[in-house]
Amino acid sequence: MSSRNNGRERKGGSEMRTVQAEAFGGPEALTVTEAPDPVAGPGEVVVRVEAADVMFLDTLLRSGAGRDYFPVAPPFVPGGAVAGVVESVGAGVGAEWIGRRVGTPTAASGIGGGTPTGGYAERALAKADTLAVVPDGLSLTQAVALVHDGRTALAVADRAAIQPGEWVLITAAAGGLGTLLIQLARTAGARVIAAARGAAKLELAQRLGAQEVVDYSEDGWVEKVRELTGGVQVVLDGAGGETGGIALGAVTPGARFIGYGNAAGGFAAVDTEAAAAQGVTVVTLFELTADGVDWNALHDRAQAEAAAGRLEVVIGQSFPLEDAAAAHAAIESRTAAGRTILTV
């Protein structure tokens with residue numbers, strides 16, 4: 001169904017399709033429903049959505065986890081990032097935005113805070129100050145995949161200050177962030193060893209430039225990393241949990257450890273005393289996202305790199321809006337590689 005012609009008139013306005021989490025639970029809790037079209041408030045715009053990002057965090061919130069940080073309650077519309085065309089603007093927003101192709105966090109998500117909701121819909125609210133114009137040569141599906149991952153990958157790579165010749169271990173290397181970081185590390189002249197689960201993901205990492213790969217579902221994977229590299233100077237940890245903590249065993253003295261992911265269940269369980277004893281610098285996601293980061297500039301930079309063909313955006317799987325439950329199931333099965341996208 002085309003997003004341009006699917007508005008349903010109702011008394012007092014029109015309705016749109018959304019996907020709601022009707023209750024906390026499994027993917028089956030996601031239900032296609034109708035809701036009133038959003039109306040832009042001051043400083044906001046309405047985006048006619050053509051693609052919505054699906055994050056691992058979305059599956060956690062749908063299940064009922066993470067409410068200490070993100071206080072959601074059913075029914076709610078998941079999704080923290082969209083790409084599409086600006087359809088209308090609120091007070092204080094220039095009319096020149098209307099008709100522009102944009103990628104953006106949703107209004108509820110924002111940058112550096114908020115709750116990732118409102119994206120699984122035919123129309124979504126966004127704040128005007130988070131809009132990024134999508135350049136020619138970049139599709140809207142690519143653009144939405146970069147809303148969170150593009151800026152975060154650049155922030156991680158910049159903070160890591162990767163040097164030519166260094167060995168860089170990337171965990172969750174076949175995910176949306178990991179696939180970008182492989183490329184950024186290679187561009188910086190580093191040697192990449194990618195850690196992921198399963199042959200298909202390891203093959204993807206190699207195609208993107210990883211010199212070595214290890215399967216971290218197998219025992220002794222950290223020892224294998226050390227055998228292959230002699231020890232790494234940088235760890236970019238997208239897995240988190242026990243996997244991220246174990247990854248510390250692969251570093252050389254004076255290494256940098258950037259922990260930004262929690263796909264393995266919580267952020268990395270890093271032994272800070274052991275790290276300090278080796279002179280290892282540990283940077284957490286909360287430190288990475290501290291005030292002072294120009295997220296809009298990073299977003300524009302990521303889009304420019306992708307539009308120029310210098311950064312491949314890996315979209316491993318896409319689903320129509322009404323199949324959001326299948327998208328969540330793919331992520332939770334650990335079979336999804338790259339970004340998972342809903343098309344509207």
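- A chain of hydrophobic side-chain contacts below 4.5 Å, direct or via other Ile, Leu, Val, Met, Phe, Trp or Tyr residues, connects V133 to L131.
- Applying the salt bridge (charged side-chain N to carboxylate O under 4.0 Å, His left out) definition to pairs two or more places apart or across chains, those involving residues 159-174 are E166-R256.
- At a threshold of 4.5 Å between side-chain heavy atoms, the hydrophobic network of Ile, Leu, Val, Met, Phe, Trp and Tyr places V168 and L202 in two separate groups.
- The ring-ring contact (aromatic ring centres under 6.0 Å, His included) search around H328 returns Y120, not counting sequence neighbours.
- Under the 4.5 Å side-chain heavy-atom criterion for Ile, Leu, Val, Met, Phe, Trp and Tyr, V156 and L285 are members of the same hydrophobic cluster.
- Under a 4.5 Å side-chain heavy-atom cut-off, the cluster of Ile, Leu, Val, Met, Phe, Trp and Tyr residues that includes V39 has no other member.
- Contact detail for P75 and E22: the closest heavy-atom pair is CB-OE1, 3.8 Å.
- Nearest heavy atom pair, residue V72 against residue F24, reads O-CZ, 3.5 Å.
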TODO: Please step through side chain to side chain contact (heavy atoms under 4.5 Å, CB included) for the pair T141 and E50, ending with a clear verdict.
DONE: CA-CA 8 Å; T141 52; E50 295 195 19; over 6 Å; no
Pair up each side-chain donor or acceptor in residues 192-201 with any protein partner under 3.5 Å, not counting sequence neighbours, and list the distances.
residue	atom	partner	partner atom	Å
K201	NZ	R334	O	2.6
K201	NZ	A336	O	3.4

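- Of all heavy-atom pairs between V222 and A250, the closest is CG1-N, 3.8 Å.
- Here the closest heavy-atom approach between residue P78 and residue L30 is recorded as CG-CD2, 4.0 Å.
- For residues 91-101, no pair satisfies salt bridge (charged side-chain N to carboxylate O under 4.0 Å, His left out), with sequence neighbours left out.
- For the 3.5 Å distance criterion, the side chains of T340 and Q317 qualify, holding a donor opposite an acceptor.
- In plain terms, the two heavy atoms of I170 and G178 that are nearest each other are CG2-CA, 4.2 Å.
- Minimum interatomic distance between T171 and Y260 (heavy atoms only, all atoms of both residues): O-OH, 4.1 Å.
- Listed by first then second residue, pairs satisfying salt bridge (charged side-chain N to carboxylate O under 4.0 Å, His left out) with a partner in residues 172-188 number zero, not counting sequence neighbours.
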Task: Candidate pair R17 and E322, rule salt bridge (charged side-chain N to carboxylate O under 4.0 Å, His left out), full reasoning - done: CA-CA 9 Å; R17 287 183 306 158; E322 58 268 22; 3.1 Å; yes
